[in-house]
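Below is one structure; the comments refer to it alone.
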Amino acid sequence: MSLLSESVGSVDKVDFNDSKISLKLSNGSAEISSFDEQIFRVRVMIKDERDFSYAITNPDKINEEVKFDDLDSKIRFSTTKGHLEIYKYQFIVDLLNHSEKSLTKDDSLGTRFIGNELTVYKRLKEDEKFLGLGEKTGPLNKKGRAYVNWNTDQFAYSPDDDPMYCTTPFYLGVHKDGLYGVFLDSTYKSSFNFGASNDRFTSITVENGSLNIYYILGDSLAEITQAYCRLTGTQALPPKWSLGYQQCRYSYYPEHEIRNLARTFRDKKIPADVLYFDIHYMEDYKVFTFHNERFPDPKKLISDLKEDGFRSVVIVDPGIKVEKGYDAYEEGKDKGYFMKYPDGEDFAAQVWPGWSNFPDFTNPEVRDWWKDKIGYYTNLDITGIWNDMNEIASWGQSTPDLIINDYDGDKTSHKKARNVYGMQMARSTAEGIIQNKPNERPFVLTRSAYAGIQRFAAVWTGDNVSSDDHMLLGARMLAGMGLCGMAFAGNDAGGFVGETSGKLFARWIAQSAFTPFFRGHTMVNSTDAEPWSFGEEVEDVSRNFIELRYKLMPYIYSLFWEAHNNGMPIVRTLAYYWSNDSTVYDGAFENQYLFGDSIMVAPMRSDTDFVKIYFPQGVWYDLFTDEKYIGSEVSILEYEIAKYPLFARGGTFFTEQSLVQNTNENHDGVLKIHLYQGSTGSVFNFVHFEDDNISFDYKEDKYYQRTISYDPEKNELVFLSSEGKMESSFNKIQLIFHGFEIDNLSINGSEKSVREIKQYRFIGKISNFDPFYNDDDDGLHADQLPYVEFENEKGEIRVKW
Ligand code: GLC
C-alpha cells in the first residue's frame with residue numbers, strides 16, 4: 001500500500017441502467033442516482049461495501065425522471081431542478097442549479113484515499129458560509145473550522161469543544177450563486193473541514209467504507225432541510241404533554257421529594273407537565289428496577305402524579321449491571337445479546353452500576369428483546385423514557401474498537417457502529433413503548449444520535465454549563481439541529497454543571513420557553529434549581545415565561561405538526577429566512593432566531609441588561625409593548641430581568657389560548673389570534689392543528705386542521721374550511737390587531753363593530769417587592785388594541801378591514 005495519498009483516478013467506464021449510473025474508476029468505483037428532483041446521490045468506493053443505511057427511510061426510492069448525457073469530457077446527469085456533472089479525466093463532481101450556476105465543485109485534488117480513509121476536496125468559494133452539522137459547538141457559520149463526528153460523552157463541554165454526543169453529517173452551504181446541502185451518510189468516524197488550516201478547500205473524510213454523499217438542491221435553506229427530511233424522515237409527532245415545562249434534577253428521591261415537587265408547582269401555580277426520575281430511582285442503578293425503599297409503590301406514585309397532571313419520565317441507560325440473578329443481565333447474557341469481543345467474551349465497562357454489559361442495539365433481535373423489556377415501564381403507565389450515556393459512555397471513555405456489532409446482519413467492528421448505537425437504542429425504546437401501548441405516542445429523549453433520530457426521539461444538548469456563554473451557545477446549537485431535521489431539541493435550562501445564579505436562571509427559562517424542548521435540569525449535589533429556588537423575583541419571572549409558553553401552546557403544537565409533516569424546524573436561525581444578508585452571520589447576531597414564522601427571539605446574557613439586536617428586513621413589534629422596529633437596523637435595547645427580547649413579525653400572526661396549569665387542563669374555548677401589521681413580502685399562511693394530544697388517531701384523520709391565511713395587501717384574514725374528523729376545542733375566535741387603526745371590519749360580508757382592549761399583557765405583573773415603588777406601568781403591556789370576537793364556524797370565514 002502506498003504511503004502517499006492516491007486519487008480514485010479517472011473514469012474508465014460508464015454504464016447507465018435503470019436510471020442509475022455506474023462508473024469504473026482507475027482506483028475504485030462510483031454509483032450515481034437521484035432520489036427525487038432535488039436530490040442526487042454519489043457513492044464512491046475503493047472497496048465493496050453493502051449498501052445499507054440507518055438514516056434513509058426509503059432506500060429503494062429512485063427518481064426515474066432523469067436525463068443522462070455522456071459527453072466527451074464529462075457526464076451530465078439532470079433532474080428538473082439541477083445537474084450533476086462528472087469529469088472523466090479525473091473523477092471530479094460539480095453540482096449545478098437549474099440556471100447552470102456551480103453550487104459546489106470538487107477541487108482539482110478530487111477524491112483521494114490514504115489507506116482506507118477516503119476524502120473529497122471541494123473548492124472553497126470566497127463568500128461561502130457553512131451551516132448545520134446538527135449538535136455542534138462554535139459559531140453559526142462554520143467556515144474556517146473543522147469538525148469530527150464521533151459520538152462522545154462531552155461532559156461540561158466548552159463552547160468550542162468537539163466531537164459531541166451526536167453525529168449528523170449534514171451541512172448547508174450558502175454563497176452568492178445559490179444554496180445547497182451535503183449529507184454524508186456514513187456511520188464511520190467522519191470529519192468536515194470548512195477551510196480550517198487551509199485557504200483552498202472544504203473536505204469530507206470518512207475513516208473507512210464508502211464516501212456516500214447526497215447532494216441537495218433548493219432555493220432556500222427551508223427547501224433544503226425539507227428535502228433532507230424526505231430522505232431521513234420528519235419529527236415524530238410528540239405527545240402534547242412533552243411540550244410543557246419539564247422539571248429534572250440528578251436526582252429527585254425518595255418518593256416524598258417527588259410528591260413535594262409536584263405539590264410545589266401546583267401550590268405556586270407554576271405550570272408544569274413532566275417530572276423526571278434520574279438514576280437514583282433504580283436499585284443499584286439497574287435498569288428495569290425501582291429502588292424498594294425510595295420508591296416502594298411506583299405504580300401508585302405514577303398514577304397519583306398523572307391525576308395531578310404530571311407525566312413521569314425515567315432515565316434508562318444502556319449499561320446492564322453484571323450481577324448474577326438480575327434478570328436483564330441473565331437474559332442478555334444467555335441469549336448473547338451483549339456486544340462481544342472477537343473471542344466471544346462479553347464486553348464489559350464501568351458506568352453508574354459498576355461493571356456493565358451493553359446490549360447490541362444494532363442487532364434487530366436485541367432491539368426486539370429491548371422492546372419487550374420496555375413493558376416494565378409501560379406497565380407502570382410510563383410512556384416517557386430518557387436514554388442517556390448511549391454514545392456509549394463509560395469510565396475511561398475508550399470503548400475498544402474491536403468489539404463486534406451486528407449492524408443489522410453485516411457484522412462489523414465498533415468503528416462503524418458507534419455513531420449509530422445511541423440512535424438504535426432510542427429507536428427500540430420508542431418502538432417498545434408503542435408495542436406495549438399501541439395507541440400512545442411515546443416521548444423518548446436521547447443524548448446520542450445519528451442522522452434520522454427525529455423519527456424516534458427528542459435530543460437535548462447534554463451536560464452544558466451554568467454560564468452565559470453556554471446559554472447563548474445553546475440557542476445556536478438548536479438552530480443547527482433544526483436545520484438538520486432535529487426539530488424537537490433543547491438545552492438544560494439553568495445549565496447542568498456548576499451553580500446558576502438567579503438572574504441566569506431567569507434569563508435561561510425565558511430563552512428555553514422559546515425552544516422546542518423545555519426542561520430545567522441540574523447536576524447531583526448542586527444547589528436547588530427549581531423556578532422558586534432563587535427568591536421571589538426570579539420565581540415571578542420564571543412563572544411568567546412558563547405561563548407564556550403554555551398560552552402559546554396552540555401555536556407551538558401547530559409548529560410541531562408542521563415539523564412532523566414536512567421537516568420544518570421550530571428554531572429557525574435568521575439565516576433560514578435571510579441567507580443572503582451577511583449581518584445575520586455576524587457574531588453579534590448569530591444567536592437570534594425565529595420561533596416558528598412569527599416570533600423573533602434575541603437571546604441575551606444575564607450579566608448585563610443591554611442587548612444589541614439586529615432587526616432583519618420587515619417590521620417588528622416588541623412582544624410586550626408593541627413598540628415598533630423597522631428593519632434592516634441594529635438597536636441596543638435595555639431589558640431588565642422581568643423582560644426579554646421577543647418580537648412579533650409584522651405581516652404574520654400567532655395564536656394564544658387561556659392559561660392552564662398543564663396541557664391536560666381545558667382552556668376557556670377562546671382562540672386568540674394576534675395579527676401584526678406589516679408584510680413579509682407575501683401572503684402568510686398558518687396551519688392551526690388540534691387532535692386528542694396523545695394518540696395516533698390523527699393517522700385516521702381524527703384531527704382538526706385549518707389553514708388561516710393573512711393577506712396584508714388586501715387587509716384580509718381568511719379561515720379556510722376546516723379539515724379532519726374532529727371539532728375544534730375552540731368555539732370562539734378573538735382577533736387582536738397590533739399596529740393597526742381600524743375603521744370598518746366585516747366578517748363574511750357583514751359589518752362587525754370593533755372593540756378595544758385597553759391594556760393587553762402577554763405576561764403578568766411581577767410582585768411589588770418595593771412598597772415605595774409604583775410599577776403600575778411596568779413597560780410590559782400594549783395599549784388600546786382593536787379586536788373582534790366571533791364564533792369559530794366550520795365553514796370559510798373571511799375577515800376584511
Ligand atoms: C449524564 C446526563 C445527565 C444526568 C446524569 C445522571 O451526565 O447527561 O443529564 O443527570 O448523567 O444520570
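Every value quoted in this text rests on a predicted model; they were computed, and no experiment measured them. Atoms within each ligand, like the ligands themselves, are counted from 1 in listed order.
- When ring centroids are compared, Tyr421 and Phe361 come within the 6.0 Å threshold.
- Of the polar atoms of His521, at least one N or O is found under 3.5 Å from an N or O of ligand 1, judged by distance alone.
- Among Asp278, Leu445, Val351, the residue whose heavy atom lies nearest to atom 12 (O) of ligand 1 is Asp278.
- Proximity of Tyr285 to ligand 1, defined as any heavy-atom pair under 4.0 Å, is not found for any part of the residue.
- The distance criterion of under 3.5 Å between nitrogen or oxygen atoms is met by Asp388 with respect to ligand 1.
- Classified by interplanar angle (parallel below 30°, tilted 30° to 60°, perpendicular above 60°), the ring pair Phe595/Phe514 is perpendicular.
- Considering Asp408, Thr187, Asn419 in turn, Asp408 is the only one that fulfils the side-chain hydrogen bond (donor to acceptor under 3.5 Å, both in side chains) rule with Tyr54.
- Residue Arg447 approaches ligand 1 through these ligand atoms, each under 4.0 Å from one of its heavy atoms: 1 (C), 2 (C), 7 (O), 8 (O).
- Remark: ligand 1 and Asp317 share no N or O pair separated by less than 3.5 Å (distance only, no angle test).
- Here the straight-line distance linking atom CE of Met423 with atom OG1 of Thr446 works out to 10.0 Å at 0.5 Å rounding.
- Exactly one of Phe183, Tyr147, Tyr171 qualifies for a ring-ring contact (aromatic ring centres under 6.0 Å, His included) with Phe192. That residue is Tyr171.
- The shortest N or O to N or O distance between Asp463 and ligand 1 is under 3.5 Å.
- At least one heavy atom of Trp386 sits under 4.0 Å from some atom of ligand 1.
- Each of Thr461, Asp153, Asn387 was scored for a side-chain contact (heavy atoms from CB on, under 4.5 Å) with Arg447, with one residue passing: Asp153.
- Counting heavy atoms under 4.0 Å from ligand 1, residue Met523 does not touch it at all.
- Here Phe155 has no heavy atoms under 4.0 Å from ligand 1, in either its backbone or its side chain.
- Annotation for ligand 1: atoms under 4.0 Å from non-hydrogen atoms of Ile315 are 12 (O).
- At distances below 3.5 Å, at least one donor-acceptor pair connects side-chain atoms of Asn357 with backbone N or O atoms of Phe347.
- Which parts of ligand 1 touch Trp352 is read off a 4.0 Å heavy-atom cut-off, strictly below it: atoms 6 (C), 11 (O).
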The test is ring pair (Phe, Tyr, Trp, His ring centres under 6.0 Å); show your working for Trp355 and Trp395 and say whether it passes.
CA-CA 10 Å; Trp355 289 105; Trp395 312 155; over 10 Å; no
